[in-house]
Amino acid sequence: QVQLVESGGGLVQVGDSLRLSCAASAHTSNYAMGWFRQAPGKEREFIAGISWPGGSTYYADSVKGRFTISRDNAKNTVYLQMNSLKPEDTAVYYCAARHRYYNGRTYYLETDYDYWGQGTQVTVSS
């Protein structure tokens, strides 16, 4: 069982940057990791994923070029660097982990992931 704890959310202005962290309670060797978000009144959506040990990343079109996912395997932590934030980025952001990463595969669906964090709120004010 892996527990995930997100941190780093907050209230920012349009154009600002923010870095979210997701700390895992156990070693995430061979885990694929992802970030999702859920805006008020909307379904949770995939925004970024990263392979094990981290050589491959992939993004939703809505954040491509602005957000960067990375991982520090020694710290069992995944990051989401968010730049050029927009009001439409306002959401609760969730970290997710999938046990058993298969080389070359990408994971976009909620059902692809086994473990979830509790979420952290990001609000972008105009």
Side-chain angles (χ1 to χ4, degrees):
Q1 188 80 8
V2 175
Q3 294 183 328
L4 305 174
V5 179
E6 302 98 334
S7 61
L11 173 64
V12 296
Q13 302 294 314
V14 170
D16 283 352
S17 297
L18 206 58
R19 188 177 82 156
L20 305 183
S21 299
C22 171
S25 62
H27 191 49
T28 51
S29 174
N30 206 39
Y31 279 65
M33 303 296 293
W35 285 96
F36 288 71
R37 69 184 180 188
Q38 187 168 21
K42 295 187 177 181
E43 294 185 352
R44 189 154 57 182
E45 63 173 349
F46 168 86
I47 53 172
I50 188 166
S51 65
W52 168 262
S56 176
T57 59
Y58 43 101
Y59 302 89
D61 288 343
S62 58
V63 305
K64 198 173 295 182
R66 299 189 298 123
F67 291 11
T68 302
I69 187 172
S70 61
R71 64 193 298 169
D72 184 335
N73 296 323
K75 296 181 178 179
N76 299 322
T77 300
V78 177
Y79 303 98
L80 185 68
Q81 177 68 42
M82 305 186 294
N83 298 329
S84 303
L85 284 162
K86 306 174 181 180
E88 52 263 43
D89 294 319
T90 295
V92 177
Y93 283 71
Y94 298 91
C95 175
R98 173 192 168 88
H99 192 205
R100 290 185 297 276
Y101 167 76
Y102 295 100
N103 192 35
R105 287 286 305 275
T106 53
Y107 303 99
Y108 294 94
L109 303 179
E110 290 186 62
T111 52
D112 287 333
Y113 293 86
D114 303 300
Y115 305 104
W116 293 83
Q118 82 290 348
T120 185
Q121 176 71 47
V122 172
T123 303
V124 184
S125 173
S126 57

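FYI, the numbering just counts along the sequence from 1.
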Within-4.5 Å side-chain heavy-atom neighbours: [X] and [Y]:
X   : Y    : result
S62 : R37  : yes
Y93 : E6   : no
Y31 : Y113 : no

Problem set entry | Non-hydrogen atoms of Y101 and R105 that approach each other most closely |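 So the minimum-distance heavy-atom pair works out to CE1-O, 3.5 Å.
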Problem set entry | For A24 against T28, the heavy-atom pair lying closest together |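 Distance-wise, the nearest heavy atoms are CB-CG2, 3.6 Å.
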Exercise. Is any NZ, NE, NH1 or NH2 atom of the basic residue among D89 and K86 found under 4.0 Å from an Asp or Glu carboxylate oxygen of the other?
Worked result: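 The answer is no: the pair does not qualify as a salt bridge.
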What distance do [X] atom [atom1] and [Y] atom [atom2] have between them, rounded to the nearest 0.5 Å?
X    : Y   : atom1 : atom2 : answer
W52  : H99 : CH2   : NE2   : 11.0 Å
Q118 : L4  : CD    : CG    : 9.0 Å
L109 : R44 : CG    : CZ    : 12.5 Å
R100 : R98 : CZ    : CZ    : 7.0 Å
M33  : T77 : CE    : OG1   : 9.0 Å
S84  : D16 : OG    : CG    : 9.5 Å

Linking I/L/V/M/F/W/Y whenever their side-chain heavy atoms sit closer than 4.5 Å, directly or via other members, would [X] and [Y] fall into one cluster?
X    : Y   : result
V92  : W35 : no
V122 : Y79 : no
Y59  : L85 : yes
V78  : F67 : yes
V124 : V63 : yes

Exercise. Pick from L20, L18, L80: which one makes a side-chain contact (heavy atoms from CB on, under 4.5 Å) with T120?
Worked result: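 Among L20, L18, L80, the one meeting side-chain contact (heavy atoms from CB on, under 4.5 Å) with T120 is L20.
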Exercise. Can you check whether Y58 and F46 have ring centres sitting under 6.0 Å from each other?
Worked result: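 Yes.
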Exercise. Do other residues, nucleotides or ligands put more than 12 heavy atoms under 6.0 Å from the CD atom of E88?
Worked result: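 Yes - once you tally the heavy atoms of other residues, nucleotides and ligands closer than 6.0 Å, there are more than 12.
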Exercise. Would one find more than 12 heavy atoms of other residues, nucleotides or ligands at under 6.0 Å from atom CD of Q3?
Worked result: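 Not buried by this count: 12 neighbours or fewer within 6.0 Å.
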